[in-house]
There are 2 protein chains.
Amino acid sequence: MTRMPQATESNADALPRQQRTYSIGELAQIFEVTPRTIRFYEQEGLLAPSRQGQKRIYREKDRVRLKLTLRGKRLGFSLAEIREVVMMYDAMPDGNARQLKRLLELLEDKRANLARQLEDIRLMRLEIDDVDQRAREVLRQLEDTP
Amino acid sequence: MTRMPQATESNADALPRQQRTYSIGELAQIFEVTPRTIRFYEQEGLLAPSRQGQKRIYREKDRVRLKLTLRGKRLGFSLAEIREVVMMYDAMPDGNARQLKRLLELLEDKRANLARQLEDIRLMRLEIDDVDQRAREVLRQLEDTP
DNA sequence: CAAGCACTTTACGTTAACGTAAACCTCGTC
DNA sequence: GACGAGGTTTACGTTAACGTAAAGTGCTTG
């Protein structure tokens, strides 16, 4: 029982199974990246779209994956880090205890990382505000004395 | 809680101007980077230590610069971005109005960036917590059925 | 004085994350 | 049937941010 593509999650809403799909170009436009980037993410194991002949077909799940990936990137995570979490998440349903515990550790790591980032943001904001103040003052001086 | 080295900024007030200095090795140790990194930042215009003969001498100002640089890095900024702000800040005292306004724009950009990061962190935390929950559940199931 | 650090410059190497270009399908449309 | 708009693979190029190695300088310590 490796994988059941059918009805997996709790999102088994009453919706009819008419999944919306995307071409690579559409997805690229939505997230303002190039198709190259999306193919690259696939090559790196972050996406696994199905095919229709030769063409890649992206479902909602893939779109969400991409969204999460890009969010991770904006936060400075490497693709390797992102993949690690994503793959563990996928392996979760039939994962053994060791893997699950490893996943929990990983998550704790990420949490710590985010916490530090929050602090960094706080400090950087203070500095930016400070520089802003000074700049405005100097500017006022300049404009007050023609 | 990354343990800060003793000397803080606020205790420098009434002290005579006997600036403490650092060698490149000391600085590297403090911030847990290699000397190579510090030299590279200098080459990229982010630091400008004075010299004593051939050796680089770092003052408090340089240390702060490095600290800010590394903080920027942790937040995913490129060295180029960091340098831009740093250089404008340096040029402030005798900057003309146009430069100052440009600086204010830059700061606004950074602020927006940080705001988005905050939102990204918020969302990512939610997801992490969610994955955590699921993992714990699966784990409990596993351990409940030997 | 030899040895050992800590520092220096110079220069080539490496990795991640794509960009760019070439050469090829495949489909609808003019 | 020519063609343009999308898609595909393959492969080499590029950039940022350092790592690493070689060869030299200067101090101080056994």
Side-chain angles (χ1 to χ4, degrees), chain A residues 20-59 62-63 65-87 109-110 113 117 120, chain B residues 5 20-59 62-63 65-87 110 113 117 120:
Chain A
R20 205 218 137 156
T21 70
Y22 307 84
S23 74
I24 194 171
E26 287 170 333
L27 222 51
Q29 211 168 347
I30 291 177
F31 290 105
E32 299 182 313
V33 298
T34 70
R36 172 65 171 116
T37 297
I38 299 183
R39 291 198 198 96
F40 182 72
Y41 289 172
E42 175 178 352
Q43 178 184 326
E44 294 299 299
L46 288 165
L47 297 173
S50 50
R51 299 289 180 121
Q52 187 167 270
Q54 194 168 224
K55 298 188 172 172
R56 293 171 171 82
I57 302 296
Y58 299 89
R59 306 240 155 69
D62 301 307
R63 193 186 58 87
R65 272 274 186 93
L66 181 52
K67 191 178 67 180
L68 296 183
T69 299
L70 293 174
R71 181 179 298 154
K73 285 235 62 191
R74 284 198 302 272
L75 291 177
F77 294 106
S78 73
L79 294 184
E81 290 175 295
I82 297 170
R83 177 182 44 201
E84 200 173 13
V85 176
V86 161
M87 287 181 65
D109 272 20
K110 299 300 169 193
N113 212 314
Q117 290 211 31
D120 282 338
Chain B
R20 202 215 139 156
T21 70
Y22 307 84
S23 74
I24 194 170
E26 288 170 333
L27 223 51
Q29 211 170 348
I30 291 176
F31 290 106
E32 301 182 312
V33 298
T34 70
R36 172 65 171 117
T37 297
I38 300 182
R39 291 198 197 97
F40 181 73
Y41 289 173
E42 175 178 354
Q43 179 183 325
E44 294 298 300
L46 288 165
L47 297 173
S50 49
R51 298 289 181 121
Q52 188 167 270
Q54 194 168 224
K55 297 187 173 172
R56 293 171 172 82
I57 302 294
Y58 299 89
R59 307 236 154 68
D62 301 306
R63 193 187 59 86
R65 271 273 187 94
L66 181 52
K67 191 179 68 180
L68 297 182
T69 299
L70 294 174
R71 182 179 297 154
K73 285 234 63 190
R74 284 199 301 272
L75 291 176
F77 293 107
S78 72
L79 294 184
E81 291 176 295
I82 297 170
R83 176 182 45 201
E84 199 172 15
V85 176
V86 161
M87 288 182 66
K110 299 300 169 194
N113 212 315
Q117 290 211 32
D120 282 339

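Computed from heavy atoms alone, side chains included, the values below leave out hydrogens, waters and symmetry copies. By convention in this document, chain letters (A, B, ...) are assigned in the order of the sequence lines, proteins followed by strands, and residues within each chain are numbered from 1.
- In this structure, A/Ile82 and A/Thr69 approach most closely via the heavy-atom pair CD1-O, 3.5 Å.
- Under the 4.0 Å criterion applied to side-chain N and carboxylate O atoms, A/Glu42 and A/Arg51 are assigned as salt-bridge partners.
- Listed pair B/Ser23 / C/dC7 meets the phosphate criterion, a side-chain N or O lying under 4.0 Å from OP1 or OP2.
- Within the structure, every side-chain polar atom (N or O) of B/Lys73 is placed at least 4.0 Å from both OP1 and OP2 of D/dA16.
- For the pair B/Gln43/B/Arg39, no side-chain contact is recorded, criterion being any heavy-atom separation below 4.5 Å from C-beta on.
- Checking D/dG7, C/dT8, C/dA17 against the side-chain heavy atoms of B/Ile24 singles out C/dT8 as nearest.
- Rounded to whole Å, the distance from CG on B/Leu79 to P on D/dA17 is 4 Å.
- Taking atom CZ of B/Arg51 as the reference point, atom P of C/dC7 lies 13 Å away to the nearest angstrom.
- Rounded to whole Å, atom C1' of D/dT15 lies 13 Å from atom CZ of B/Arg83.
- With rounding to whole Å, A/Gln54 atom CD is found 20 Å from D/dA5 atom P.
- In this structure, CG of A/Leu46 is placed 13 Å from P of C/dA16, rounded to the nearest angstrom.
- The interatomic distance linking B/Lys55 (NZ) with D/dT28 (C1') rounds to 11 Å, in whole Å.
- Spacing between atom CZ of A/Arg56 and atom P of C/dT26 amounts to 15 Å, rounded to whole angstrom units.
- Remark: B/Ser78 OG to B/Glu84 CD distance equals 8.5 Å, nearest 0.5 Å.
- To the nearest 0.5 Å, the span separating NZ on B/Lys73 from CG on B/Leu46 amounts to 10.5 Å.
- Salt-bridge annotation for A/Arg65 and A/Glu44: absent, with no side-chain N of the basic residue lying under 4.0 Å from a carboxylate O of the acidic one.
- Between the CD atom of A/Glu26 and the C1' atom of D/dG7 there is a distance of 12 Å, given to the nearest Å.
- Within residues 34-42 of chain B, the residues approached by DNA chain D to less than 4.0 Å at the level of any non-hydrogen atom are B/Thr34, B/Arg36, B/Thr37, B/Phe40, B/Tyr41, in residue-number order.
- Checked against side-chain hydrogen bond (donor to acceptor under 3.5 Å, both in side chains), A/Asp62 has no partners two or more places apart in sequence or in another chain.
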